[in-house]
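Only one structure is covered here, and it is reproduced in the block below.
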Amino acid sequence: MNKDEIADVLENIARLLELKGENPFKVRAYTQAARALEILAEPLETLVSEDRLTSVDGIGKATGEKIAELSSHGRLAYYDDLREEFPPDILTLFAIQGLGAKKIKILWDALKVHSVTKLERACKDGSVATLPGFGEKTAANILKGIEHMRSHAGEFRFGDVAQIAEGLVNDLRGHPDVNLAQIAGSFRRKKEIVRDLDFIVSTKQPEAVMAFFTAHPLVENVLAHGATKSSVILKNGIQCDLRAVTGAEFPFALNYFTGSKEHNVRMRSRALSRGWSLNEYRFSAAEGRELREPLPDVCEEADIYRALDLDPVEPELREDRGEIDVAERHALPHLIECTNLRGTFHNHTTASDGRASLEDMVAAAKELGLEYLGIADHSRASFQANGLDDKRLAAQVARIQDLNDGEAGFRIFTGTECDILKDGSLDFPDEILATLDYVVASVHSSFTLTEAEMTKRLISAMENPYVTMLGHLTGRLLLSREPYQVNIPAVLDAAAATGTIIELNANPRRLDLDWRWWPLAKEKGVKCVINPDAHSTSGLQDLIFGVGIARKGWLTKEDVINTLPLARIEAVLKAKRGGSVRQGH
DNA sequence: GCCGTTTTCGGCCCGACTGTTTTCAGTCG
């Protein structure tokens, strides 16, 4: 069993224990162990074989033993026994909004309801409304929850909700009673997938703002409408929450609702150790604790961090991946910013499957203020994408050279997005690749190889000296296609050894390589290139999504090669071929 | 079940809203 599957088992154990009414802290221990697994930087097999599982934060003796058993045997007697106590599909009920362990337990005990279909029937025939603690409205809400679950998985790609989110926050800012308005939550942390949108406003008239929000034309239905908090579902299916606070409370609310939950827990315990209680409104004297220092003044969000002897932590880093410790040591990185980007390399034109001509793409890149643009149309094996053969590629190269001759201060680089064939060889021979400024090598076929085969395939491609960068490393399509099986640490090792640059594909459907891997890549000395994989002129703007993910991956402008000015980028592209030129800054 | 500059036992973040109650439990974030 791999670590993600094991994490799922631990999550399920937590839910089953909750159903049994176990100690909530025990339940949380399993949830936290699952999370610790998900963010593991080392291969799980290593930790298991070297018996170091308990050295991981959140994994102790009991959870460590269970993880080891699952990892080596693929099953766990404790889990099997636990599952025996409930019908197998009861866990699916947890996906319904408004249903938690207590209610699911009652539904099972009293009505033997254990599946979504049975629950739906029980809501409709009136039996749910008769249960203790339930009523007509509860039954109606459960039906709504079921409908919502079925129509949307409840997850949205960041890029698909970005415009709506920005539009809504601007509408809030335009309201006469709103002083400050901000998007918080996972959206502010630039998570690749968001489940909801959180808005915070400061106002002296919360009721008026709540009424404005719940009546917004984008709202499909209202889940809750209170004096300071409202929840709605928008027409596109995403849930939005709005909190109204005073100006003085705003920094605290913004911080609290930006999260992550785990980051907040750390902040609060840190406050407690100073004798302060931190909530979404203020610092206050913690009950029953000695107030060692006077309560700090807070005008803006960063003051909260300063009060806790921390450097302010950028929202993207607030994932409880060590940022608090590093902030305490005043060693947080200066994260890359959009304005640092000077060019980009993985872009398509009408020559393959792009929708804009070469000239239009160049004009759009200039419009964005870039100094160079690399053209990497598909190679011939990607026939579904109208991939170029060597003749068409040569013609494109000649056209680009003509365009460059008439240019000053802007450079078009010739490239290809060359298919990595099933055996790890490339779709063009080296003689052709040598005629180009650079090569992006990507997998577009045979996704179902074993992990060992796929890893070997990528590594042999990177061993080719003409392969400048590796495109969308895992091939995932967010919310639609799983990444293919590949040993990412091994690929990163090979990238470091061969001097191959790893792409951070900025297309909001990909965002590949995932942000969770970039700290490890950086540690190994691997360089990043942020590429939009643009298939149109507007696709170039996806670069901003890539920058968000790079920031989540703790990357600075020094880690990303396309922050280099035109005068210095060429040497980086040639470095691997020549062997002698040093890569990077 | 996990954890430790309040340390090996006794804590573990905390508040809003809803719907059911008649003072609060459940859920969510």
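No hydrogens, no waters, no symmetry mates; every other heavy atom, side chains included, goes into these values. Chain letters run A, B, ... following the sequence lines, proteins first and then strands; every chain starts at 1.
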*State whether the side chain of A:Arg321 and the backbone N or O of A:Arg516 hold a donor-acceptor pair below 3.5 Å, judged by distance alone.*
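It does hold such a pair.
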When the distance from [atom1] of [X] to [atom2] of [N] is rounded to whole Å, what number comes out?
X	N	atom1	atom2	answer
A:Tyr30	B:dC3	OH	C1'	16 Å
A:Asp57	B:dC2	CG	P	12 Å
A:Asp196	B:dT27	CG	C1'	14 Å
A:Leu272	B:dC3	CG	C1'	15 Å
A:Glu280	B:dC13	CD	P	14 Å
A:Leu17	B:dC2	CG	P	12 Å
A:Arg189	B:dG29	CZ	C1'	11 Å
A:Arg274	B:dC13	CZ	P	17 Å

*Considering every strand shown, what is the Watson-Crick or G-U wobble mate of B:dG1 when both distances are under 3.5 Å?*
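B:dG1 is paired with B:dC12.
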*Can the positive tip of A:Lys66 be found less than 6.0 Å from the middle of the six-membered ring of A:Tyr79, inside 45° of the ring normal?*
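The answer is no, since A:Lys66 fails at least one limit relative to A:Tyr79.
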*Taking only residues two or more places apart in sequence or in another chain, which ones pass salt bridge (charged side-chain N to carboxylate O under 4.0 Å, His left out) with A:Lys20?*
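A:Lys20 satisfies salt bridge (charged side-chain N to carboxylate O under 4.0 Å, His left out) with A:Glu85 once adjacent residues are dropped.
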Pairwise [atom1] distance for [N] and [M], with rounding to whole Å:
N	M	atom1	result
B:dG10	B:dC17	P	37 Å
B:dG26	B:dT21	P	13 Å
B:dT8	B:dC12	C1'	16 Å
B:dG1	B:dA16	P	33 Å
B:dC3	B:dC13	P	14 Å

*asked:* Tell me if the side-chain of A:Asn23 makes a donor-acceptor pair with the base of B:dG1, cut-off 3.5 Å, by modelled atom types.
replied: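 Result: at least one qualifying N/O pair found.
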Students often get this wrong, so: under 4.0 angstrom with heavy atoms, is [X] touching a base, only sugar-phosphate, or nothing?
X	result
A:Ala271	nothing
A:Asn264	nothing
A:Ser231	nothing

*asked:* Ring-plane angle category for A:Phe545 and A:Phe158, please: parallel below 30°, perpendicular beyond 60°, tilted otherwise.
replied: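 Answer is perpendicular, since the angle exceeds 60°.
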*Quick one: sort the A:Tyr305 and A:His263 rings into parallel, tilted or perpendicular, breaks at 30° and 60°.*
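Rings of A:Tyr305 and A:His263: tilted, as their planes differ by 30° to 60°.
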*Within residues 86-99 of chain A, find the residues that approach DNA chain B with a heavy atom at under 4.0 Å, and present them sorted by residue number.*
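Listed by number, they are A:Ile96, A:Gln97, A:Gly98, A:Leu99.
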_For DNA chain B, which residues of residues 242-262 of chain A approach it to below 4.0 angstrom with any heavy atom?_
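Close to the strand are A:Arg243, A:Tyr256, A:Lys261.
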*Would the A:Tyr256 and A:Tyr281 ring centres measure less than 6.0 Å apart?*
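No, they do not, as the ring centres are separated by 6.0 Å or more.
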Which nucleotide wins on minimum distance to the side chain of [X], given the candidates [options]?
X	options	answer
A:Val265	B:dG1, B:dC13, B:dG29	B:dC13
A:Tyr281	B:dC2, B:dA16, B:dC14	B:dA16
A:Asp241	B:dC2, B:dG29, B:dC13	B:dG29
A:Arg28	B:dC2, B:dG15, B:dC13	B:dC13

*Could you pick out which residue, A:Gln239 or A:Val56, lies toward the 5' side of DNA chain B when each is mapped onto its nearest nucleotide?*
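Mapping each residue to its closest nucleotide by heavy atoms, the 5'-most match is A:Val56.
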*Could you check A:Arg268 against A:Lys102 and say which one's nearest nucleotide on DNA chain B is further toward the 5' end?*
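Closer to the 5' end of DNA chain B: A:Arg268.
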Between [Y] and [X], does any NZ, NE, NH1 or NH2 come within less than 4.0 Å of an OD or OE carboxylate oxygen?
X	Y	answer
A:Asp309	A:Arg270	no
A:Glu220	A:Lys235	no
A:Glu319	A:Arg189	yes

_Looking at A:Lys524, I'd like to know if its NZ atom is crowded, meaning that more than 12 non-hydrogen atoms belonging to other residues, nucleotides or ligands lie closer than 6.0 Å._
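Above 12, so yes.
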*Work out which heavy atom in A:Asn279 is nearest to a heavy atom in A:Arg268; give both atom names and the distance.*
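In terms of heavy atoms, the two residues are closest at CA-NH2, 3.2 Å.
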*Which residue pairs pass the ring pair (Phe, Tyr, Trp, His ring centres under 6.0 Å) test with at least one member in residues 190-228 of chain A, sequence neighbours excluded?*
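Counting only pairs at least two positions apart or across chains, the ring pair (Phe, Tyr, Trp, His ring centres under 6.0 Å) contacts touching residues 190-228 of chain A are A:His175-A:Phe212.
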Contacts under 3.5 Å, N or O only, protein and nucleotides 17-20 of chain B:
| unit_1 | atom_1 | unit_2 | atom_2 | d |
| --- | --- | --- | --- | --- |
| B:dC17 | OP1 | A:Ala227 | N | 3.3 |
| B:dC17 | OP1 | A:Thr228 | N | 2.9 |
| B:dC17 | OP1 | A:Thr228 | OG1 | 3.2 |
| B:dC17 | OP1 | A:Lys229 | N | 2.7 |
| B:dT18 | OP1 | A:His225 | N | 2.7 |
| B:dG19 | OP1 | A:Asn141 | ND2 | 3.2 |
| B:dG19 | O3' | A:Thr138 | OG1 | 3.1 |
| B:dT20 | OP1 | A:Gly135 | N | 2.6 |
| B:dT20 | OP1 | A:Gly135 | O | 3.1 |
| B:dT20 | OP1 | A:Glu136 | N | 3.3 |
| B:dT20 | OP1 | A:Thr138 | N | 3.3 |
| B:dT20 | OP1 | A:Thr138 | OG1 | 2.8 |

*asked:* Taking salt bridge (Lys or Arg N to Asp or Glu O under 4.0 Å) as the cut-off, I'd like each qualifying pair that reaches into residues 47-58 of chain A, sequence neighbours left out, listed once.
replied: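 As it turns out, the salt bridge (Lys or Arg N to Asp or Glu O under 4.0 Å) pairs with a partner in residues 47-58 of chain A, which skip direct neighbours, are A:Glu42-A:Arg52, A:Glu50-A:Arg52, A:Asp57-A:Arg266.
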